[in-house]
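Positions are given from 1, in the same order as the sequence printed here.
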Amino acid sequence: CFGQWVKTKNSDGTMVCFAEDDNNIYAGTSGGGVYFSSGNGDNWSSNHQSFVVNKLAIKDGIIFAATPLGVLRLKNGFWDQSNTGLTDTF
């Protein structure tokens, strides 16, 4: 049995990847940064930092985003670069 898809909110870009941690869902976009939902996708919010996200990963509660500028890490509500040790970030 398949459920019905329901559009919940427009974003600043196309959704390109998703990650989940406990009861939270994160959606990376093609230009609107990362959106967050704690309500099973019923409501989405953004921290209003626009960037392209290629992939998302979560490790020990820390969210990482692979971007054209390298790896970004969500720390204290803001994204910062986490590229130490990477020799080629494109």
Side-chain angles (χ1 to χ4, degrees):
C1 179
F2 293 99
Q4 181 177 350
W5 288 93
V6 178
K7 186 175 183 176
T8 60
K9 180 180 177 179
N10 290 330
S11 70
D12 297 328
T14 302
M15 302 293 185
V16 296
C17 58
F18 292 89
E20 62 90 19
D21 185 20
D22 297 324
N23 296 322
N24 303 315
I25 304 169
Y26 303 89
T29 70
S30 63
V34 176
Y35 281 75
F36 161 80
S37 174
S38 60
N40 292 320
D42 290 332
N43 297 297
W44 293 89
S45 60
S46 168
N47 66 352
H48 307 291
Q49 291 177 296
S50 296
F51 53 89
V52 174
V53 178
N54 297 319
K55 299 287 182 193
L56 290 173
I58 302 173
K59 172 77 171 144
D60 298 328
I62 300 171
I63 305 164
F64 296 89
T67 76
L69 300 174
V71 178
L72 299 180
R73 169 181 59 187
L74 187 61
K75 186 174 182 180
N76 298 323
F78 295 95
W79 293 96
D80 66 354
Q81 287 195 338
S82 179
N83 293 322
T84 302
L86 296 177
T87 58
D88 186 3
T89 59
F90 298 92

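Nearest heavy-atom pair across Ser38 and Phe36 is CB-CZ, 3.8 Å. Contact detail for Cys17 and Val53: the closest heavy-atom pair is SG-CG1, 3.8 Å. Nearest heavy-atom pair across Ser46 and Gly32 is OG-O, 4.2 Å.
Looking at heavy atoms from C-beta onward, Leu72 lies in side-chain contact with Phe51 at the 4.5 angstrom threshold. The shortest distance between side-chain heavy atoms of Trp79 and Val34 falls below 4.5 Å. Counting heavy atoms from C-beta outward, Ile63 and Arg73 have side chains that stay 4.5 Å or more apart.
A distance-only check finds a donor-acceptor pair linking the side chain of Ser37 to the backbone of Asn43 [under 3.5 Å]. Thr14 places no side-chain N or O within donor-acceptor distance of the main-chain N or O of Ser30, the cut-off being under 3.5 Å.
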Just do the side-chain contact (heavy atoms from CB on, under 4.5 Å) check on Val71 and Gln81 with the steps written out, would you?
-> CA-CA 6 Å; Val71 178; Gln81 287 195 338; over 6 Å; no
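Under a hydrophobic-cluster definition in which Ile, Leu, Val, Met, Phe, Trp and Tyr are linked whenever side-chain heavy atoms come within less than 4.5 Å, directly or via other members, Met15 and Ile25 are assigned to the same cluster.
Between the OH atom in Tyr35 and the OH atom in Tyr26 there is a gap of 15.5 Å [rounded to 0.5 Å]. In this structure, Phe78 CZ and Gln49 CD are separated by 6.5 Å, a value rounded to the nearest 0.5 Å. Atom CG of Leu56 and atom CG of Asp21 lie 11.5 Å apart (nearest 0.5 Å).
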